[in-house]
Protein chains: 2
Amino acid sequence: MAQAVRHDAMRARNLSLVLREVRTHGSLTRASLAEVTGLTKTTVSKLVADLLDAGLVVETGAVRGGERGRPGVEVRVSGDRVAALGLELNVDYLAVRVVDLARRVRLRLTQTVDNRLSEPLDVIGDLRRLALSALAQAEGTGLRVVGAGLAVPGPVDAESGEIHNAPNLGWRNVPVGAALDLGVPIRVENEANLAALGELWFGVGRADFLYVSGEIGIGAGLVVNGALFRGARGFAGELGHVVVTPEGPQCRCGARGCLEQYAGQDAFFDAVGDRSPYAPGIDAIVARLEQGDAATLAACDKAGWALGVALSSAINLVDPHTIVLGGIYAPLFPWIGGVVAETMGARLAQLRAQAPPVEVSQLGSEAAALGAAGQVLETVVADPAALSERLTDRRDPAPR
Amino acid sequence: MAQAVRHDAMRARNLSLVLREVRTHGSLTRASLAEVTGLTKTTVSKLVADLLDAGLVVETGAVRGGERGRPGVEVRVSGDRVAALGLELNVDYLAVRVVDLARRVRLRLTQTVDNRLSEPLDVIGDLRRLALSALAQAEGTGLRVVGAGLAVPGPVDAESGEIHNAPNLGWRNVPVGAALDLGVPIRVENEANLAALGELWFGVGRADFLYVSGEIGIGAGLVVNGALFRGARGFAGELGHVVVTPEGPQCRCGARGCLEQYAGQDAFFDAVGDRSPYAPGIDAIVARLEQGDAATLAACDKAGWALGVALSSAINLVDPHTIVLGGIYAPLFPWIGGVVAETMGARLAQLRAQAPPVEVSQLGSEAAALGAAGQVLETVVADPAALSERLTDRRDPAPR
DNA sequence: ATATTTAGTCCACAACGTAGACTAATTCGG
DNA sequence: CCGAATTAGTCTACGTTGTGGACTAAATAT
């Protein structure tokens, strides 16, 4: 709902605007900030002073060289004060990342473990240990971790931080957010959504794309104009259950002929006659593809065709600018990308000038954890004033 | 792109906030406005004074009765000063509506005509005559028409107001917006999108729903949190080309087995053996259904099943709260709504608590024209200050 | 060395919302 | 029927924030 704008809200917005422009341009002088924001030099100077106080930006010694006139002092986002924790709890691994406000990854902890074999609370305990260790290390280097994001493989109630139903883990109604209890605010979100945001902020993503996360389930994260599209109940992006053939094979969701039955990890591994679907599995598959194994190539064709069909529906409905393939589709991309693009092209080329390009994710399994951390950093950029208060409360009271 | 907030922007936003609250509550006193907006009584009084000056709200004599204390003077949105023009150019009719800021329809002009038989410029000329006549009548009653919206059956380039490709009219690259030349700003938009907005503002629509427009083509308009979802290029909502059966009948879009081949108006009329697809056609179909004609009932089942399949994909992808069926599906609803809901239920019930409810549009063929007018009124509510300037600066046709 | 140019700061000021005193108009209670 | 209580709305002094232009600072061009 729209909110009244008072002086403090005006200031908060302009502060956010300045910080955002600094980030998108890498570094900027106050004078050029005044130009790009439309604010006056005076105002920009005051805002930058506040951001410097809060430690969110720093002056680089560097100046703009070569031209006439007094050189400007550039400021850039500081990576030494504020950071966020990105967590991922997935079927076969746990991942923790610490990312600073300048979007540099400061710490990586990953643990490979089959979480389907353990009780939810034990898995959460493992993740908690990893996260607390990362927190301690980060704060040891002077970083203030302002929040955490957690990616889980399944739909999430964003308000309560509760996992509704994660079929691949076999979890139902697990309050992960509360159980983690890290001492910092935590936001829980679907893995595909966060991987999409990871791709947006740390990978190839432009402002508009559909990220496809091929895991045991197939999820999609839609980014529109730089923001995640969640749908009315937060369940958008269930690409795995888009119809490929309405009377096709039975899916565990109760329907028939869903994409997951053609291009999901299990279906794919079944098709190539391999029943070890985890990390070693995908490498073996790639090896076979590199050797030109006919059955495996055929499985790729089939999965790629189905993915192309489902994506055609998705493109007709939500019109993404680009398709980014992640998860297992990233290593398989050389063998699957072509079929996907061809299938889409055949179905879409006439109605649109051209089908959206199909690209491959650069981040691998790190995408979701990075997106989770990035989402927290985004809240800082969106309202630096809120953080500044928190910072000043903790430390010496800065002049207001 | 985020914009800097100056004093004038702050004021503009608060003005908009007050006007919006007045509209959503019907009528409000200054004191209750202060409560709901969070602004002080002083500020609200000043803002309301400006809105009264601009003629956007009026004081009702009515007061809040019964309770103790001085009674408050209620204000409500004024329908006597500002209005908008809603236009629709469709395959078999032209429609013009004048709607005032209080969302009352002040004038309806409709002309039934097969526009596929005429040159684009002639059709536009017809619409222009209707529109100018409506403009004159509206201004004769003291209304100031601040803009027009135009609904067309096909994807539109929103910037230029150009129809890209309207296959059902046989039009390509027609600059309708410019050609209409009404002397007021005009916004051109896809018919399904505007019908969705019409349903949102004038019909049954809640804040989140997917509107299905069954015409010769099948379009969809997705409303999320009260706003239209357009996709990256503005082509979202092409429900008619969502896959039902990947190797099904050839579609004119170049693909196979699109929804349009099963549930589009032409396909449907073919299935019942009727080749007169226009207004008389649908009434005849309904008559047959009322008589229990088996072939027609079977055609409804088939179309409803296909629609349910395609909507299942749509729901998995975009997670709308509700489905609203419009266009020809509205009169057919008693015979088609059940099949659609059952098909969806069978495919979705397990993954979600329940499939979205399926409702029927109340507006009939008026939806798009009303949405077009409503969209213009929305810009007034979003920035009353801009209009106020225009009103005072009489002579300047200020853009934006 | 001096003129020119650009960066950044300073200061008086304007725009807007706030706080709370004040006035206005009603109901309640005796 | 009249005064107390209560609520609506206005008025005035004030605080916060951005503005505009003068001013100072630091570089390059001639």
Side-chain angles (χ1 to χ4, degrees), chain A residues 2-18 22 25 27-53 57 59-75 384-385 388-389 399-400, chain B residues 2-18 21-22 25 27-53 57 59-75 383-385 388-389:
Chain A
Q3 271 298 306
V5 182
R6 261 80 63 89
H7 291 118
D8 53 344
M10 172 164 72
R11 184 134 240 266
R13 261 201 71 143
N14 288 337
L15 221 37
S16 166
L17 177 66
V18 167
V22 169
H25 288 83
S27 65
L28 277 177
T29 64
R30 291 168 177 78
S32 25
L33 269 169
E35 216 175 307
V36 298
T37 60
L39 296 163
T40 61
K41 286 191 295 176
T42 312
T43 305
V44 167
S45 278
K46 285 189 222 165
L47 294 170
V48 167
D50 273 17
L51 292 173
L52 285 167
D53 269 3
V57 301
E59 293 188 330
T60 65
V63 293
R64 181 226 45 189
E67 289 168 47
R68 292 177 71 155
R70 172 177 168 180
V73 180
E74 298 198 314
V75 295
S388 189
E389 276 179 335
R400 282 274 305 180
Chain B
Q3 272 297 308
V5 182
R6 260 81 58 93
H7 292 119
D8 54 343
M10 173 163 72
R11 182 138 243 264
R13 260 201 73 140
N14 288 338
L15 221 37
S16 166
L17 177 66
V18 166
E21 291 291 345
V22 168
H25 289 82
S27 64
L28 277 177
T29 64
R30 290 168 178 77
S32 26
L33 270 170
E35 216 174 308
V36 298
T37 60
L39 295 163
T40 60
K41 287 190 295 177
T42 312
T43 305
V44 168
S45 278
K46 285 190 221 166
L47 294 169
V48 168
D50 273 17
L51 292 173
L52 285 167
D53 269 3
V57 301
E59 295 187 330
T60 65
V63 294
R64 181 226 46 190
E67 290 167 46
R68 293 179 70 156
R70 173 177 167 180
V73 180
E74 299 199 314
V75 294
D383 190 4
S388 193
E389 274 180 335

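Note: hydrogens, waters and symmetry copies are ignored here, and every other heavy atom, side chains too, is used.
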Residues in side chain to side chain donor-acceptor pair (under 3.5 Å) contact with B/His7, at least two apart in sequence or another chain
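Counting only residues at least two positions away or on another chain, B/His7 forms no side chain to side chain donor-acceptor pair (under 3.5 Å).
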
If I take atom [atom1] in residue [X] and atom [atom2] in nucleotide [N], what distance separates them, rounded to the nearest angstrom?
X       : N      : atom1 : atom2 : result
A/Leu28 : C/dG8  : CG    : C1'   : 15 Å
A/Arg6  : D/dG18 : CZ    : C1'   : 18 Å
A/Glu35 : C/dA7  : CD    : C1'   : 12 Å
A/Glu74 : C/dA7  : CD    : C1'   : 12 Å
A/Arg13 : D/dT17 : CZ    : P     : 16 Å

Position toward the 5' end of DNA chain C (nearest nucleotide), A/Ser32 or B/Thr40:
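By nearest-heavy-atom nucleotide position, the 5'-most residue is A/Ser32.
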
Looking at every non-hydrogen atom in both residues, tell me the closest pair between A/Val22 and A/Val75 and how far apart they are.
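A/Val22 and A/Val75 have their closest heavy atoms at CG1-O, 3.7 Å.
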
Can you give one letter per nucleotide of nucleotides 9-16 of chain C, 5' to 3': B if a protein heavy atom sits under 4.0 Å from the base, S if only from the sugar-phosphate, - if neither?
BBB--BBB

For residues 39-49 of chain A, which side-chain donor-acceptor pairs fall under 3.5 Å, sequence neighbours excluded?
from    : atom 1 : to      : atom 2 : distance (Å)
A/Thr40 : OG1    : A/Thr43 : N      : 3.3
A/Thr40 : OG1    : A/Thr43 : OG1    : 3.0
A/Ser45 : OG     : A/Lys41 : O      : 3.3

Hey, which sits more toward the 5' end of DNA chain D by its nearest nucleotide, A/Leu39 or B/Ala31?
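The residue mapped nearer the 5' terminus is B/Ala31.
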
Salt bridge (Lys or Arg N to Asp or Glu O under 4.0 Å): pairs with one or both residues in residues 30-39 of chain A, sequence neighbours excluded
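Qualifying pairs: A/Arg30-A/Glu59.
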
Under the salt bridge (charged side-chain N to carboxylate O under 4.0 Å, His left out) test, which residues partner B/Arg11, sequence neighbours left out?
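Residues passing salt bridge (charged side-chain N to carboxylate O under 4.0 Å, His left out) with B/Arg11: B/Asp50.
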
From C/dG17, D/dA5, C/dA25, nucleotide with atom closest to B/Arg68 side chain:
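It is D/dA5.
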
For B/Ala31, what residues pass the side-chain contact (heavy atoms from CB on, under 4.5 Å) criterion, not counting sequence neighbours?
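B/Thr29.
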
